[in-house]
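Model, not experiment: these values are computed from the prediction.
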Amino acid sequence: AALPGPAPADWAQAPLDPAVRAVLVGFDEHFSYAKLCQALRYLLRGGPDCLLVGTNRDHRLPLEGGTAIPGTGCLVKAVETAAQREAFIIGKPNRYMFDCVVSEFDIDPARTIMVGDRLDTDILMGNSCGLTTLLTLTGVTTLDEVKGHQESDCPARQSLVPDYYVDSIADLLPALCD
């Protein structure tokens, strides 16, 4: 989306598609001020009847060598801030996506394992859905963080503790070959 015209008044007058009834914020390497303006305009026009949906709240995406890039959560937060309302998150840690999968497939949560590298999304969702959880230490989480949550008396922090952990997903390969 490009900004139509040189001034903010021009941006606010650009035509909107009357069929749009929701704004979805997901990973977008081309996120721009123009898209933020357009999202806000749809949300203001539709009011509470225009849904604001986010795919996830990941703040950072880890890369090799300890570097990272901003995650989708940064984009969701930008739209939430502009719209002055909170998005409904359909991805982790919200159980919405898990419930959709369970409604389509014969899944027994007691026989299902959630594998992930983030406590606040992967492990939290697994624990809230009654799954066994396995943390891989190849992402943004350290074992010291896990220990801090494990030693806490706070139920919210306890919900971030995985059942198991491995240094790398590759550590599971021998078990899968058996």
Tightest non-hydrogen contact, residues P109 and C129, listed as CB-O, 3.8 Å
Just by distance, with hydrogens left out, do T133 and D163 show a side-chain donor and acceptor under 3.5 Å apart? yes
| said: So that I can tick it off, tell me whether R57 and E80 are bridged by a salt bridge, with the cut-off set at under 4.0 angstrom between side-chain N and carboxylate O. | reply: yes
CA sep, side-chain torsions, deciding dist, call: V146, Y165, side-chain contact (heavy atoms from CB on, under 4.5 Å):
CA-CA 10 Å; V146 174; Y165 75 91; over 6 Å; no
Does the side chain of V140 reach to within under 4.5 Å of the side chain of D117, using non-hydrogen atoms?
-> no
Exercise. Any side-chain heavy atom of M114 within less than 4.5 Å of one from D122?
Worked result: yes
- Task: Look at the side chain of Q158 and the backbone N and O of H149, then say whether any donor-acceptor pair between them is shorter than 3.5 Å.
- Result: yes
For F88, the ring-ring contact (aromatic ring centres under 6.0 Å, His included) test, sequence neighbours excluded, returns Y96
- Item | Atom CZ of R21: over 12 foreign heavy atoms under 6.0 Å | no
I'd like to know if L131 and I107 are part of one continuous hydrophobic network [Ile/Leu/Val/Met/Phe/Trp/Tyr, side-chain heavy atoms within less than 4.5 Å]. yes
Quiz item: Under a single-linkage definition using a 4.5 Å side-chain heavy-atom cutoff for Ile, Leu, Val, Met, Phe, Trp and Tyr, are V25 and I90 assigned to the same hydrophobic cluster?
Solution: no
Practice prompt. Take L135 and L119 through the test side-chain contact (heavy atoms from CB on, under 4.5 Å) and record every step on the way to the result.
Written response: CA-CA 8 Å; L135 176 71; L119 296 178; 4.0 Å; yes
Check this for me: does any side-chain nitrogen of one of E29 and K35 sit under 4.0 Å from a carboxylate oxygen of the other?
no
Contacts satisfying ring pair (Phe, Tyr, Trp, His ring centres under 6.0 Å) that involve residues 10-57 (not counting sequence neighbours) are W11-Y33
Nearest heavy-atom contact between S159 and N127 is O-ND2, 2.9 Å
Report task. Establish whether V115 and V166 are linked, either directly or via other cluster members, by ILVMFWY side-chain heavy-atom contacts under 4.5 Å. Result -> yes
Using modelled atom types and a 3.5 Å cut-off, is there a donor and acceptor pairing between side-chain atoms of T72 and backbone atoms of N56? no
### Task
Indicate yes or no: at least one non-hydrogen side-chain atom of V161 is less than 4.5 angstrom from one of I123.
no
Closest heavy-atom pair, S152 versus R157, reported as atoms and distance to 0.1 Å, is OG-CD, 3.6 Å
Checklist line | Atom NE2 of H59: over 12 foreign heavy atoms under 6.0 Å | finding: no
Please examine the side chains of T132 and I113, heavy atoms only from C-beta on, and report whether any two atoms are closer than 4.5 Å. yes
| request: State, yes or no, whether a side-chain contact exists between T138 and I169 at a heavy-atom distance under 4.5 Å. | output: no
For this session: Give a yes or no on whether the backbone of T142 and the side-chain of E145 come within a donor-acceptor separation of less than 3.5 Å.
Result: yes
Distance col, row R85:CZ vs C50:SG, nearest 0.5 angstrom, shows 6.0 Å
Could you walk me through whether L52 and L43 pass side-chain contact (heavy atoms from CB on, under 4.5 Å), step by step? CA-CA 7 Å; L52 174 54; L43 292 166; 3.9 Å; yes
Do E104 and C100 make a side-chain contact, defined as non-hydrogen atoms from C-beta onward lying under 4.5 Å apart? no
Closest non-hydrogen atoms of A82 and L36, given as atom of the first, atom of the second and distance, are CB-CD1, 4.1 Å
For D171, the salt bridge (Lys or Arg N to Asp or Glu O under 4.0 Å) test, sequence neighbours excluded, returns none
Item checked: F105-F98 co-clustered via ILVMFWY side chain contacts under 4.5 Å -> yes
Subject >> From CA spacing to verdict: side-chain contact (heavy atoms from CB on, under 4.5 Å), R45, L16 >> reply: CA-CA 9 Å; R45 182 196 69 188; L16 295 176; 3.5 Å; yes
Test item: R95 side-chain N/O and M125 main-chain N/O as donor-acceptor pair under 3.5 Å: no
Rounded to the nearest 0.5 Å, the CD atom of E86 sits from the CD1 atom of I89 at a distance of 7.5 Å
